> 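Just passing along the structure, written as structure tokens.
None of the values given here were measured: they were computed from a predicted structure. Convention: sequence-line order gives letters A, B, ...; per-chain numbering from 1.
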Protein chains: 2
Amino acid sequence: MGSDRLTDPEPAAAVDLVGDAFRDNAMFTIEADCEVEYDGRTSGYLGPGERLLVGKGDGTFLVHQPTGHKPVNWMPGGGTISASVSDGDLVVVARRVNPRERVEVRATDVHGITRFDAHDAAEYRESGTEAEMHQYIEAHPDELETGLRIVEHERETKYGFIDFFATDADGTPVVVEVKRVQATLNHFDQLKRYVSLYEETNSEVRGMLVAPAASDRVKRALRDADLEFVRLAEFETEAAPTKATLSDF
Amino acid sequence: MGSDRLTDPEPAAAVDLVGDAFRDNAMFTIEADCEVEYDGRTSGYLGPGERLLVGKGDGTFLVHQPTGHKPVNWMPGGGTISASVSDGDLVVVARRVNPRERVEVRATDVHGITRFDAHDAAEYRESGTEAEMHQYIEAHPDELETGLRIVEHERETKYGFIDFFATDADGTPVVVEVKRVQATLNHFDQLKRYVSLYEETNSEVRGMLVAPAASDRVKRALRDADLEFVRLAEFETEAAPTKATLSDF
DNA sequence: AGTTATATATCGACG
DNA sequence: CGTCGATGTATAACT
């Protein structure tokens with residue numbers, strides 16, 4: 001089918017297109033002058049202006065202003081999208097139940113509306129994630145410290161999961177927390193929580209935060225708590241090496 | 001001007017529209033069969049399929065699959081969007097410098113492309129945020145505990161910011177951490193970090209986590225650490241009361 | 001520009 | 001379905 005387009009449609013025609021698209025599991029986009037209201041986890045109101053509305057078959061609904069990465073209002077998938085005419089305006093409502101929330105758009109002027117029956121079976125494949133960093137560490141624990149031996153990966157404790165439970169060359173236990181990005185105070189907190197747990201039974205336990213970088217404040221917090229920072233910036237993945245592309249930087 | 005639309009355009013025409021739109025600070029949407037490649041903080045590839053592409057004048061670029069709230073690939077604002085023809089395909093590239101990253105879309109079939117010169121001066125107004133919860137607590141500290149007195153809001157320490165520094169009826173200092181949502185282990189960590197700091201000089205300091213709810217695990221962690229949970233679910237805002245709407249739940 | 005904390009975070013994994 | 005931790009998190013506030 002591809003895409004259907006209405007330019008400057010009557011509200012009733014737009015209502016039909018939205019209803020049909022949602023029923024048929026299709027996407028739609030609307031360029032419109034509108035007001036937006038949200039009610040749910042918080043509540044909010046956006047006065048008149050021109051925005052791009054996007055709806056998907058899974059109930060996802062987005063209101064995009066002319067700038068910014070994030071939609072100003074939205075509804076994640078799982079709910080329903082419906083449309084109606086009210087006082088001569090197109091009104092689109094996206095709702096869901098858990099949590100109970102609702103986005104309502106009143107469009108006083110619909111410039112255009114497009115239906116798009118998109119078919120997409122592909123899945124995004126990504127390299128360089130924290131999961132791959134874990135694989136690398138498991139295969140090369142010496143990169144963190146000579147003689148380090150991984151005992152367990154993703155060990156569960158009563159206060160959460162430890163990335164790695166290891167022992168050093170002397171046999172002292174080491175709790176290892178790994179971050180793909182610059183370490184934050186919250187990451188320090190996480191490590192501290194796990195280490196505190198082990199200190200209840202073994203005061204000799206060490207704690208190691210592994211990340212490509214950390215701010216001075218984080219490093220000081222670690223030092224004050226007798227925890228360690230280990231820099232690990234580069235790691236090779238088991239997957240295919242980086243491919244050259246036509247338009248490199 | 002409103003919106004311009006090309007249906008099943010030649011790649012060269014699409015290139016012109018994208019280039020003009022970005023130059024003129026306008027939004028554009030493209031329905032296309034395409035492949036996507038990302039390189040930057042990580043790298044990834046998305047095989048052929050039909051997606052909705054959205055570009056904005058600030059450099060924001062989004063690739064939306066038929067389902068899901070989040071774009072499968074994106075570029076936040078601040079960078080540039082450019083288009084070209086390569087091997088007969090429309091290629092759109094969005095880049096930015098800090099961090100250095102790039103999204104490249106190769107569209108083998110462009111179903112449609114729409115330019116939208118959106119004007120929007122309105123700002124979103126929201127109620128029920130954590131900032132309002134802070135205001136409420138500052139005005140009604142007794143809601144947390146009888147006799148509690150707020151000494152300082154957003155106090156900076158060497159380990160980060162404390163939501164409230166207070167004293168109880170006995171004059172004992174109380175560190176208060178406030179969450180608008182159900183408390184998590186990370187929130188417990190945060191409070192623990194601040195309290196630990198004060199315990200260095202005053203072992204009598206109390207720590208209070210204020211939230212609408214907390215899981216059993218979090219409550220146990222708090223109890224084990226001699227910290228307290230205070231439930232605060234409802235609070236009135238200084239702002240206008242909730243308005244009734246045409247389409248209530 | 002760097003750091004910290006919030007978010008209607010969303011999402012996925014696991015129990 | 002709740003809980004927990006990662007995210008190419010983005011974003012705002014502040015230094």
> Reckon A:M75 touches a base, only the sugar-phosphate, or nothing at all at heavy-atom distances under 4.0 Å?
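No contact at all - A:M75 keeps every heavy atom at 4.0 Å or more from the nucleic acid.
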
> Let me spell it out: for each of B:T42 and B:A214, pick the nucleotide of DNA chain D with the closest heavy atom. Which residue's pick is nearer the 5' end?
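Closer to the 5' end of DNA chain D: B:A214.
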
> Taking side chain to side chain donor-acceptor pair (under 3.5 Å) as the definition, give me every residue that meets it alongside A:R41, ordered by chain and number, with sequence neighbours left out.
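A:E101.
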
> Give one of base, sugar-phosphate or nothing for A:E154, where a contact means two heavy atoms less than 4.0 Å apart.
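No contact.
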
> State plainly whether the residues B:E37 and B:R102 are in salt-bridge range, i.e. N to O under 4.0 Å.
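Judged by the 4.0 Å cut-off on N to carboxylate O distance, B:E37 and B:R102 do form a salt bridge.
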
> Report the residue from B:R206, B:R223, B:K219 that forms a salt bridge (charged side-chain N to carboxylate O under 4.0 Å, His left out) with B:E228.
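Between B:E228 and the candidates, salt bridge (charged side-chain N to carboxylate O under 4.0 Å, His left out) is satisfied uniquely by B:R206.
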
> Listing request: all salt bridge (Lys or Arg N to Asp or Glu O under 4.0 Å) pairs with a residue in residues 188-200 of chain B, at least two apart in sequence or in separate chains.
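Passing the test, one end in residues 188-200 of chain B: A:D189-B:R193, A:R193-B:D189.
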
> What nucleic acid atoms does A:F61 come within less than 4.0 Å of, heavy atoms only: base, sugar-phosphate, or nothing?
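No contact at all - A:F61 keeps every heavy atom at 4.0 Å or more from the nucleic acid.
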
> My understanding is that only residues two or more places apart in sequence, or in another chain, count here; which of them pass side chain to side chain donor-acceptor pair (under 3.5 Å) with A:R180?
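Expected list: none.
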
> Name the closest nucleotide to the B:W74 side chain, picking from C:dT3, C:dT10, D:dT9.
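Among the listed nucleotides, the one closest to the side chain of B:W74 is D:dT9.
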
> So, is B:T129 close to the C:dA7 phosphate, meaning a side-chain N or O under 4.0 Å from OP1 or OP2?
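Looking at the OP1 and OP2 atoms of C:dA7, neither is under 4.0 Å from any side-chain N or O of B:T129.
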
> Would you tell me if any nitrogen or oxygen in the side chain of B:R41 comes within less than 4.0 Å of OP1 or OP2 on D:dA10?
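Checking D:dA10 against B:R41, a side-chain N or O does come within under 4.0 Å of OP1 or OP2.
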
> Taking atom C1' in both C:dT6 and C:dT10, compute the distance separating them and give it to the nearest angstrom.
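So the two C1' atoms sit 14 Å from each other.
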
> Which is true for B:R193 with a 4.0 Å heavy-atom rule: it touches a base, it touches only sugar-phosphate, or it touches nothing?
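Sugar-phosphate contact only - B:R193 comes under 4.0 Å of backbone atoms but never of a base.
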
> C:dT6 P sits how many Å from B:N186 CG, rounded?
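One finds 11 Å between P of C:dT6 and CG of B:N186, rounded.
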
> Sequence neighbours excluded, which residues qualify as salt bridge (Lys or Arg N to Asp or Glu O under 4.0 Å) partners of A:D224?
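Applying salt bridge (Lys or Arg N to Asp or Glu O under 4.0 Å) to A:D224 gives B:K158.
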
> Within this structure, what is the CG-to-P distance between B:L197 and C:dT4, rounded to whole angstrom?
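So the two atoms are 14 Å apart, to the nearest Å.
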
> Could you check how far OH of B:Y124 sits from P of C:dA7, rounded to whole Å?
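After rounding, the reported distance stands at 13 Å.
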
> Tell me whether the side-chain N/O atoms of B:Y159 come closer than 4.0 Å to OP1 or OP2 in C:dA5.
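No.
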
> Pick the C1' atom in C:dA7 and in D:dA6, then give their distance to the nearest Å.
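Pairwise C1' distance, C:dA7 against D:dA6, rounds to 15 Å.
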
> With a 4.0 Å cut-off on heavy atoms, is B:T184 in touch with a base, just the backbone sugar-phosphate, or nothing at all?
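Contact class for B:T184: none.
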
> Given pairs defined as Watson-Crick or G-U wobble with both distances under 3.5 Å, what dot-bracket annotation applies to DNA chain C, with ( ) intrastrand, [ ] crossing, | other strand and . unpaired?
|||||||.|||||||

> Using a cut-off of strictly less than 4.0 Å, decide whether A:Q190 has a side-chain nitrogen or oxygen near OP1 or OP2 of D:dA6.
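A:Q190 to D:dA6 OP1/OP2: side-chain N or O found under 4.0 Å.
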
> Taking side chain to side chain donor-acceptor pair (under 3.5 Å) as the definition, give me every residue that meets it alongside B:S82, ordered by chain and number, with sequence neighbours left out.
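Here no residue qualifies.
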
> Report the nucleotide, chosen from D:dC4, C:dT4, C:dT8, that has the shortest atom-to-atom distance to any side-chain atom of B:L185.
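Nearest nucleotide to the side chain: D:dC4.
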
> Give the nucleotide from the list C:dT10, D:dA6, C:dT6 with an atom nearest to the side chain of B:E130.
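Of the candidates, C:dT6 comes closest.
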
> Sort and list the pairs that fulfil salt bridge (Lys or Arg N to Asp or Glu O under 4.0 Å) and have at least one residue in residues 120-131 of chain B, not counting sequence neighbours.
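Sorted result for residues 120-131 of chain B: A:R51-B:D120.
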
> Can you pull out every salt bridge (Lys or Arg N to Asp or Glu O under 4.0 Å) where at least one residue sits in residues 52-78 of chain B? Sequence neighbours excluded, please.
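Residue pairs passing salt bridge (Lys or Arg N to Asp or Glu O under 4.0 Å), neighbours aside: none found.
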
> Below the 4.0 Å mark, does D:dT3 have OP1 or OP2 next to a side-chain nitrogen or oxygen of B:Q182?
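Checking B:Q182 against D:dT3: at least one side-chain N or O falls below 4.0 Å of OP1 or OP2.
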
> Over all strands shown, is B:N73 touching base, sugar-phosphate only, or nothing at heavy-atom distances under 4.0 angstrom?
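Since a base atom lies under 4.0 Å of B:N73, the category is base.
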
> Under 3.5 Å between N/O atoms: give me all the protein pairs with nucleotides 11-15 of chain C, atom names plus distance.
from: C:dC11; atom 1: OP1; to: B:H69; atom 2: N; distance (Å): 2.8
from: C:dC11; atom 1: OP1; to: B:K70; atom 2: N; distance (Å): 3.4

> Evaluate side-chain contact (heavy atoms from CB on, under 4.5 Å) for B:L52 paired with A:V54, printing each intermediate quantity in order.
CA-CA 9 Å; B:L52 173 69; A:V54 177; 3.8 Å; yes

> Does a donor on one side chain and an acceptor on the other come within less than 3.5 Å for A:Y45 and A:E35?
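Looking only at side-chain atoms, A:E35 and A:Y45 do form a donor-acceptor pair, the distance falling under 3.5 Å.
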
> With a non-hydrogen cut-off below 4.0 angstrom, is A:N98 in contact with a base, only sugar-phosphate, or nothing?
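Counting heavy atoms under 4.0 Å across all strands, the contact made by A:N98 is with sugar-phosphate only.
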
> Given C:dT6, C:dT8, D:dC4, which nucleotide is nearest the side-chain atoms of B:E126?
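Per side-chain heavy atoms of B:E126, the pick is C:dT8.
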
